[in-house]
Amino acid sequence: MKNPIDVDLSNKVAVVTGAGGVLCSMFAKAIARCGAKVVLLDRTLEKAQKHAEEIVSDGYTAKAFQCNVLDKETLEQVRAKVNSELGTCDILINGAGGNKPLATTTNEYYFSGDFDKSDLVTFFNLDTKSVELVFNLNFIGTLIPTQVFAPDMLNKEDASIINISSMNAFTPLTKIPAYSGAKAAISNFTQWLAVHFSKTNIRVNAIAPGFFSTKQNASLLFNPDGTPTERTGKILNSTPMGRFGEPEELIGALLFLLYKPASSFVTGVVLPVDGGFSSYSGV
Ligand code: NAD
């Protein structure tokens, strides 16, 4: 695969959390193609390892490490290894994130009769532990890796942090209040950090992906006969471009934000890549 724009990130060390997953493994590969040495971090080492091996077999530099983004001590150990094996961190992509089924309501709307239906997950019996897990994974799981790796970046000429927000941050999607709230916190935190680090040459921005069709979510988006599910129909009707994005369409936004000659005065933005979803009121 080729990047949509040519960007030189050689001599940079880029740390990517959640790099065993769909989007961040792709980000890691795109950054490696720009010449950066890429560190792939994931809770499941084998997933990160597999992508690191692919990067290396394409002739670029990558290393994988296991870590939980909520475990500061392990992250500190990983940082020490990265520093000694590859150098100090210039780029941090905070990609680990996601939702949990128990933090998800069964239905979009609550009706008064639902109170007695014990088979439903409603607002009233949402599992608070799961809500907390979702908040922690998405928000604290961005904050801690930043606390650990940003000290490497202080007062470099060019350093950059990218957080991953979501459409939920602009307007919450039904059913997933914890994930929506956590991603809203990520957008807000991106602005806060951008201001906080503005005197240190660290730029902090976020990407807010719209809806992407991947192998992993195909069964949620489409019925076995290939027709769209009801939720897919709603997504497509709410996306002015009338289609899902291809994950690769996120790469241009990522490289623009990372490449200082293109975005040297850009910090604190949450860039939607969404076919117009976040701009459309539905009317
Ligand atoms: P994914 O589930 O494919 O990947 C997430 C990765 O994070 C997994 O490999 C998982 O093992 C890892 N992970 C989970 N918990 C971790 C932890 N505690 N410590 C370290 N690693 C951990 O998800 P994805 O679709 O690639 O999403 C990546 C990011 O983009 C997430 O923040 C997600 O919320 C966000 N996002 C995705 C979409 C989308 O359409 N896929 C849309 C908007 C936002």
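This one's a predicted model, so the numbers in the text were calculated from it and none came from an experiment. Whatever order the structure lists them in is the order used to number ligands and atoms, beginning at 1. Computation of the quantities below employed the complete heavy-atom set of this structure, encompassing side-chain atoms and omitting hydrogens, waters and symmetry-equivalent molecules.
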Taking heavy atoms and a distance under 4.0 Å, where does M167 meet ligand 1: side chain, backbone, both or neither? neither
What I'd like to find out is whether the side chain of F244 reaches to under 4.5 Å of the side chain of F211, using heavy atoms alone. yes
Which residue owns the protein heavy atom closest to atom 7 (O) of ligand 1, what's the atom, and how far is it? G18 CA, 3.4 Å
Closest to atom 37 (C) of ligand 1 among V273, L23, L133, N163 (heavy-atom distance): L23
Could you pull out, from C67, S213, G245, G95, the option with a heavy atom nearest to atom 20 (C) of ligand 1? C67
Counting each atom of ligand 1 from 1 as listed, which ones have a heavy atom of I164 under 4.0 Å away? 29 (C), 30 (O), 35 (C)
For atom 2 (O) of ligand 1, what's the nearest protein heavy atom and its distance? G97 O, 4.7 Å
Ligand 1 and V69, any nitrogen or oxygen pair closer than 3.5 angstrom? yes
Please list the nearest protein heavy atom to atom 3 (O) of ligand 1 with its residue and the distance rounded to 0.1 Å. V22 N, 2.9 Å
For atom 22 (C) of ligand 1, which candidate among Q66, R43, K47 provides the closest heavy atom? R43
Looking at L102 and S130, what are the two nearest heavy atoms and their distance? CB-OG, 3.2 Å
Heavy-atom contacts with Y179 under 4.0 Å: which atoms of ligand 1 show up? List them by number with element. 33 (C), 34 (O), 35 (C), 36 (N), 44 (C)
Find out whether I164 and N94 are in side-chain contact, i.e. whether some heavy atom of one side chain is under 4.5 Å from a heavy atom of the other. no
Counting each atom of ligand 1 from 1 as listed, which ones have a heavy atom of N68 under 4.0 Å away? 17 (C), 18 (N), 19 (N)
Please indicate whether any nitrogen or oxygen in K183 is less than 3.5 Å from any nitrogen or oxygen in ligand 1. yes
Counting only heavy atoms closer than 4.0 Å, does ligand 1 sit against the backbone of F211, its side chain, both, or neither? neither
Side-chain atoms of residues 82-91: list all donor-acceptor pairs with protein atoms under 3.5 Å, sequence neighbours left out, distances to 0.1 Å.
{"residue": "N83", "atom": "ND2", "partner": "R79", "partner atom": "O", "Å": "3.4"}
{"residue": "N83", "atom": "ND2", "partner": "G87", "partner atom": "O", "Å": "3.3"}
{"residue": "N83", "atom": "ND2", "partner": "D152", "partner atom": "OD2", "Å": "2.9"}
{"residue": "S84", "atom": "OG", "partner": "K81", "partner atom": "O", "Å": "3.3"}
{"residue": "E85", "atom": "OE1", "partner": "K63", "partner atom": "NZ", "Å": "3.4"}
{"residue": "T88", "atom": "OG1", "partner": "K156", "partner atom": "NZ", "Å": "2.7"}
{"residue": "D90", "atom": "OD1", "partner": "K156", "partner atom": "NZ", "Å": "2.8"}
{"residue": "D90", "atom": "OD2", "partner": "V13", "partner atom": "N", "Å": "2.7"}

Distance filter under 4.0 Å to S165 heavy atoms, resulting ligand 1 atoms: 43 (C), 44 (C)
Looking at L137, which atoms of ligand 1 are within less than 4.0 Å of one of its heavy atoms? 15 (N), 16 (C), 17 (C), 18 (N)
When you look at CD of E108, are more than 12 heavy atoms from neighbouring residues, nucleotides or ligands closer to it than 6.0 Å? yes
Under 4.0 Å from any heavy atom of G98, which atoms of ligand 1 are there? 34 (O)
Heavy-atom closest pair (D42 atom, A48 atom, distance to 0.1 Å) is CB-CB, 3.9 Å
Return the residue, atom name and 0.1 Å-rounded distance of the protein heavy atom closest to atom 42 (C) of ligand 1. P209 CB, 3.7 Å
Under a side-chain separation threshold of 4.5 Å, the hydrophobic residues clustered together with Y109 are F111
Given D42, V134, L41, which has its nearest heavy atom closest to atom 11 (O) of ligand 1? D42
Could you check whether any side-chain N or O of N217 sits under 3.5 Å from a backbone N or O of S213, counting only pairs where one atom can act as donor and the other as acceptor? no
For a ring pair (Phe, Tyr, Trp, His ring centres under 6.0 Å) check, start with the C-alpha distance between F123 and Y110, then their side-chain angles and the critical distance, and finish with the verdict. CA-CA 8 Å; F123 167 71; Y110 187 82; 8.3 Å; no
Selection from G21, A96, C24 by shortest heavy-atom distance to atom 13 (N) of ligand 1: A96
